[in-house]
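Let me begin by presenting the structure, written as structure tokens, before commenting on it.
Note that the numbering runs from 1 along the sequence shown for the chain. Atoms considered below: every heavy atom in the structure, side chains included; atoms not considered: hydrogens, waters and symmetry mates.
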Amino acid sequence: MLGNGSLRVSPPQRSVTQRSQCVRSGSVPGTLRARTETFLLFIYLFIYLFIIKKIDLFLTYLAFPARREGNATAARSRSGAEHGRILRFCGRSNHGTRPERGRSPARRRWAPFRCRAPFRSRPAAARPGASGASGDGESGAAGRASGTRRGSVPPELGGARGGTERGLCPQVPELGKATVRIRQPERVREIIQALREQGVAKLQVISDFDMTLSRFGCNGRRCPTSHNILDTSRVISEDGKKKLKDLLHYYYPIEIDPNRTLEEKRPLMVEWWTKAHELLVQQKIHKSDIAQIVRESEAMLRDGFKEFFDQLHKNSIPLFIFSAGVGDILEEIIRQANVFYPNVNVVSNYMAFSDEGVLTHFKGPLIHTYNKNNSVLQGTGYFQQLSTRTSIILLGDSMGDLTMADGVPSVENILKIGFLNDKVEERRKKYLDSYDIVLESDETLDVVNGILRYLLAET
């Protein structure tokens with residue numbers, strides 16, 4: 001009782017039991033304490049998981065320098081689980097792949113130390129673009145065995161395009177051109193390797209001239225052969241030009257007809273050449289006109305001819321030109337190109353002139369497209385002089401050119417390269433059956449030069 005007569009009431013005193021019941025019932029002081037404890041627990045877990053654990057992994061990572069240097073052999077000594085943890089810390093999966101590019105910046109911040117080398121180095125055969133090539137050019141064997149060749153063509157056409165697989169002969173990248181077709185890549189590779197092993201001292205080149213060393217066309221126009229150069233020149237009368245052109249239109253389709261046999265073609269070719277030569281003799285051509293006739297013509301050697309002739313001359317490799325054209329004309333073409341070197345020998349149809357320098361006849365024997373063989377070469381003595389040159393590169397543009405090396409005694413290795421210039425689709429199969437390498441509508445000597453560079457390179 002207060003002095004003024006009012007009554008004072010004291011708050012009731014709670015016991016310890018009552019206070020604990022109050023905390024459990026959710027009173028304000030008890031709830032605050034529980035939340036504080038929970039918050040501290042989360043802070044501890046956060047520090048342990050995201051700081052202490054990261055430091056531990058990072059120290060483990062520093063303890064293995066072999067891993068950082070890409071030494072997979074040393075790194076494999078660790079357990080798979082530990083390695084997985086280190087990779088995850090470094091931002092990589094257990095397969096050694098890089099993290100996805102689409103990761104958020106926040107996640108990237110947790111992986112600042114990236115391992116620059118994968119745990120397992122990929123085998124050479126598995127790497128994109130790797131061929132497993134050894135120094136001698138033997139590669140791609142597994143791919144060839146499985147039959148998966150790059151750029152292969154249907155079996156009915158025969159062969160493969162673009163030089164086939166990269167392992168054919170890596171040292172000759174020109175074989176990868178789109179103009180290249182090869183039916184038996186492994187055989188070609190073996191021949192090239194054999195030519196290289198035999199060495200320069202045993203090598204010679206035998207080649208046709210018209211549309212083989214000379215171009216077939218340029219800018220959509222046909223280039224003239226050595227016969228055409230004369231047929232269309234100013235020294236031929238208009239009547240003579242018409243008659244020669246008629247012969248061409250009649251006999252040329254026969255020459256390139258894939259459905260006719262050689263036995264059918266040979267007598268017709270003799271007819272063509274004989275008639276053409278007779279018409280030329282009637283024109284009274286002067287020997288002094290030959291150089292000017294060639295100079296005024298549109299005759300062109302294939303792109304890369306300078307390197308071709310220079311390589312052979314520099315290495316003293318004989319070049320035998322076996323041509324059914326006009327020898328005087330083709331020699332003048334080579335001479336005006338400044339590549340008529342001493343190692344060049346020509347067998348062709350040569351003109352005979354009178355004392356006044358007027359054409360009187362053509363010297364025998366007559367050489368046409370389908371008799372370039374040993375019967376024509378008898379008496380020349382050329383191949384007998386080169387009896388040790390048993391490695392041959394043969395260049396031609398017709399089926400008749402395939403026999404040009406028949407006079408060579410004891411041929412050990414021969415690589416036949418054919419230029420398929422005309423009626424490509426129609427004649428492709430026969431060329432692939434006959435030539436080791438077929439060049440379709442290719443106006444260059446790139447492939448031939450590439451092979452020569454490899455054969456002549458110092459080992």
Side-chain angles (χ1 to χ4, degrees), residues 208-257 265-302 321-337 340 346-372 376 397-398 400 421-423:
D208 175 47
F209 183 80
D210 290 318
M211 297 183 288
T212 298
L213 293 182
S214 68
R215 289 180 65 118
F216 176 78
C218 180
N219 297 326
R221 297 181 59 185
R222 286 284 294 270
C223 291
T225 64
S226 54
H227 268 113
N228 297 148
I229 290 173
L230 275 179
D231 297 350
T232 59
S233 68
R234 57 179 171 80
V235 300
I236 307 298
S237 65
E238 292 302 319
D239 181 62
K241 289 179 181 179
K242 181 181 182 304
K243 290 179 179 179
L244 289 167
K245 193 172 186 179
D246 290 341
L247 290 177
L248 175 67
H249 290 166
Y250 177 76
Y251 287 104
Y252 180 67
I254 297 175
E255 178 188 351
I256 66 173
D257 188 351
K265 292 181 178 182
R266 284 193 186 102
L268 295 172
M269 296 301 102
V270 172
E271 286 182 14
W272 183 12
W273 260 253
T274 302
K275 291 179 180 179
H277 288 176
E278 289 175 353
L279 284 170
L280 291 174
V281 170
Q282 294 173 13
Q283 305 303 309
K284 305 298 182 181
I285 300 171
H286 286 264
K287 185 176 183 179
S288 58
D289 291 331
I290 298 298
Q292 188 61 27
I293 289 171
V294 171
R295 198 171 291 113
E296 293 173 353
S297 73
E298 296 181 351
M300 299 175 64
L301 295 175
R302 289 187 184 268
I321 299 176
F322 199 168
S323 172
V326 181
D328 305 80
I329 299 295
L330 71 87
E331 279 195 9
E332 187 62 30
I333 294 173
I334 300 173
R335 190 175 290 109
Q336 291 186 12
F340 204 150
V346 181
V347 170
S348 185
N349 296 300
Y350 281 91
M351 295 184 285
F353 297 92
S354 65
D355 294 339
E356 291 76 23
V358 178
L359 174 63
T360 58
H361 64 281
F362 277 79
K363 301 175 183 179
L366 175 67
I367 301 175
H368 58 76
T369 306
Y370 294 111
N371 73 335
K372 296 180 180 180
V376 177
D397 74 300
S398 72
N421 302 305
D422 198 14
K423 299 186 184 299

Q. Which heavy atom in I254 sits nearest to a heavy atom in M269, and how many Å separate them?
A. CG2-CE, 4.1 Å

(Q) Checking H277 now: which residues fulfil side chain to side chain donor-acceptor pair (under 3.5 Å) with it, not counting sequence neighbours? (A) H227

(Q) Within the structure provided, determine whether L248 and D231 are in side-chain contact (heavy-atom separation under 4.5 Å). (A) no

Q) Does the side chain of L279 reach to within under 4.5 Å of the side chain of L247, using non-hydrogen atoms? A) yes

Q. Are E278 and Q282 close enough that a side-chain donor and a side-chain acceptor fall under 3.5 Å?
A. no

Q: Under the side-chain contact (heavy atoms from CB on, under 4.5 Å) rule, what do M351 and L230 come out as? Steps first, then yes or no, please.
A: CA-CA 12 Å; M351 295 184 285; L230 275 179; 4.3 Å; yes

Q) Is there a donor-acceptor pair closer than 3.5 Å between any side-chain N or O of K275 and the backbone N or O of K243? A) no

Q.
To the nearest 0.5 Å, what is the distance between NZ on K372 and OG on S398?
A. 5.5 Å

Q) Can you check whether L268 reaches E271 side chain to side chain, under 4.5 Å on heavy atoms? A) yes

Q) In Å and rounded to the nearest 0.5 Å, what is the CE to SG distance from M300 to C223? A) 5.5 Å

Q | Between OG on residue S226 and CD1 on residue I293, distance to nearest 0.5 Å | A | 12.5 Å

**Q.** Flag, side chain of N349 to backbone of A324, donor-acceptor distance under 3.5 Å
**A.** yes

Q. Under a 4.5 Å cut-off applied to non-hydrogen side-chain atoms, are L244 and L280 in contact?
A. yes

Q) Which heavy atom of R302 sits nearest a heavy atom of N421, and at what distance? A) NH2-OD1, 3.1 Å

Q) Q283 side chain to S237 main-chain N or O, any donor-acceptor pair under 3.5 Å? A) yes

Q.
Does K241 have more than 12 heavy atoms from other residues, nucleotides or ligands lying within 6.0 Å of its NZ?
A. yes

Q) For the residue pair N371 and H368, what are the closest heavy atoms and their distance? A) OD1-N, 2.8 Å

(Q) Check this for me: R234, atom CZ, are more than 12 non-hydrogen atoms of other residues, nucleotides or ligands nearer than 6.0 Å? (A) yes

Q. Just by modelled atom types, is the T225 backbone N or O under 3.5 Å from a matching donor or acceptor in the N228 side chain?
A. yes

Q. Distance from I321 atom CD1 to E331 atom CD, nearest 0.5 Å?
A. 8.5 Å

Q | Test item: T212 side-chain N/O and F209 main-chain N/O as donor-acceptor pair under 3.5 Å | A | no

(Q) Are W273 and I367 packed together at the side-chain level, in the sense that at least one heavy-atom pair is separated by less than 4.5 angstrom? (A) no

Q: Could you go through the side-chain contact (heavy atoms from CB on, under 4.5 Å) check for I229 and V326 one step at a time?
A: CA-CA 10 Å; I229 290 173; V326 181; over 6 Å; no

Q) Under the side chain to side chain donor-acceptor pair (under 3.5 Å) test, which residues partner R295, sequence neighbours left out? A) Q292

Q. Passes side-chain contact (heavy atoms from CB on, under 4.5 Å), L359 versus V281? Steps please.
A. CA-CA 6 Å; L359 174 63; V281 170; 4.2 Å; yes

Q.
Ignoring hydrogens, what is the shortest heavy-atom contact between K423 and I256? Give both atom names and the distance.
A. CE-CD1, 3.4 Å

Q: Apply side-chain contact (heavy atoms from CB on, under 4.5 Å) to I333 and I329, showing your working.
A: CA-CA 6 Å; I333 294 173; I329 299 295; 4.2 Å; yes

Q. Any donor and acceptor pair, going by atom type alone, linking the side chain of S323 with main-chain N or O of S348 inside 3.5 Å?
A. no

**Q.** L330 CG to F340 CZ distance, which is reported to the nearest 0.5 Å
**A.** 8.0 Å

Q) Taking all atoms of both residues into account, what is the closest heavy-atom pair of D210 and D397, and its distance? A) O-OD1, 3.4 Å

Q | Within 6.0 angstrom of Y252 OH, more than 12 heavy atoms from elsewhere | A | yes

Q | Residue list, ring-ring contact (aromatic ring centres under 6.0 Å, His included) with Y251, at least two apart or on another chain | A | W272

(Q) Between Q336 (side chain only) and A291 (backbone N and O only), is there a donor and an acceptor less than 3.5 Å apart? (A) yes

Q. Between the side chain of R266 and the main-chain N/O of Y370, is any donor-acceptor distance below 3.5 Å?
A. yes

(Q) Rounded at 0.5 Å granularity, tell me how far CZ in F353 sits from NE2 in H361. (A) 10.5 Å

